[in-house]
Amino acid sequence: MGMMDYKEKVYSLVKQIPKGKVTTYGAIAKKLSMSPRTVGYALHVNPYEGKVPCHRVVNRDGRIAPSFAFGGSEIQKELLEKEGVKFRDEMHVEKDNIITI
DNA sequence: CCGTTGACCAGGC
DNA sequence: GGCCTGGCCAACG
């Protein structure tokens, strides 16, 4: 494993989120000592569709991404529901799905 | 070198 | 829960 820039650190952490659970940008940011915005940016430009489960990251309120990079929030919702994540409404997961990792 | 943008957050009300 | 504010910071033009 060579040098990891900040984005790769984010991706390797996201890969550890178990199926059926989600975590927050802030939790990842805190663990990597970076700003939550930077985590959001890294996922926005994530080049590893299918390799990094970026659909398992939500904001502090449990809200999914309004402009999820791979097909919009509807796709993110589908991916999560397929894994058993329950939703409170169209844009929010039930908070008991959120883990801190 | 700015000014702006954005998959954010903490805290207050 | 919602709405604001101030803070945050990489990237882009």
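Numbered from 1 within each chain, the chains take letters A, B, ... in sequence-line order. For the numbers below, each heavy atom of this structure counts, side chains included, while hydrogens, waters and symmetry mates do not.
The partner of B:dG12, taking Watson-Crick or G-U wobble pairs whose two distances both stay under 3.5 Å, is C:dC3. Here C:dC12 sits opposite B:dG3 as a Watson-Crick or G-U wobble pair (both hydrogen-bonding atom distances under 3.5 Å).
Rounded to whole Å, atom P of B:dA7 lies 11 Å from atom CG of A:Leu43. As rounded to whole Å, 18 Å separates atom P of B:dA7 from atom CG of A:Leu79. Distance, A:Ile28 CD1 to B:dA7 P: 15 Å, rounded to whole Å. For the pair A:His55 NE2 and B:dA7 C1', the computed distance is 14 Å after rounding to whole Å. Between the CZ atom of A:Arg63 and the C1' atom of B:dG6 there is a distance of 11 Å, given to the nearest Å.
A:Ala42 comes within 4.0 angstrom of no nucleic acid atom, judged by non-hydrogen atoms across all strands.
In this structure, A:Phe70 and A:Phe68 have perpendicular ring planes: the angle between them is above 60°, well past the 30° mark.
Considering all non-hydrogen atoms of both residues, A:Ser12 and A:Met4 come closest at OG-CE, 3.5 Å.
The one candidate from A:Lys77, A:Arg56, A:Lys19 that meets the salt bridge (Lys or Arg N to Asp or Glu O under 4.0 Å) condition with A:Glu83 is A:Arg56.
Counting heavy atoms from C-beta on, the side chains of A:Ile101 and A:Ile28 never come closer than 4.5 Å.
One distance of note links NZ of A:Lys31 with CD of A:Gln16; it measures 7.0 Å at 0.5 Å rounding.
The ring pair (Phe, Tyr, Trp, His ring centres under 6.0 Å) search around A:Tyr11 returns A:Tyr48, not counting sequence neighbours.
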Using a 4.0 Å heavy-atom cut-off to protein, can you give one letter per nucleotide of nucleotides 2-13 of chain C, 5' to 3': B if the base is in contact, S if only the sugar-phosphate is, - if neither?
-----BBBSS--
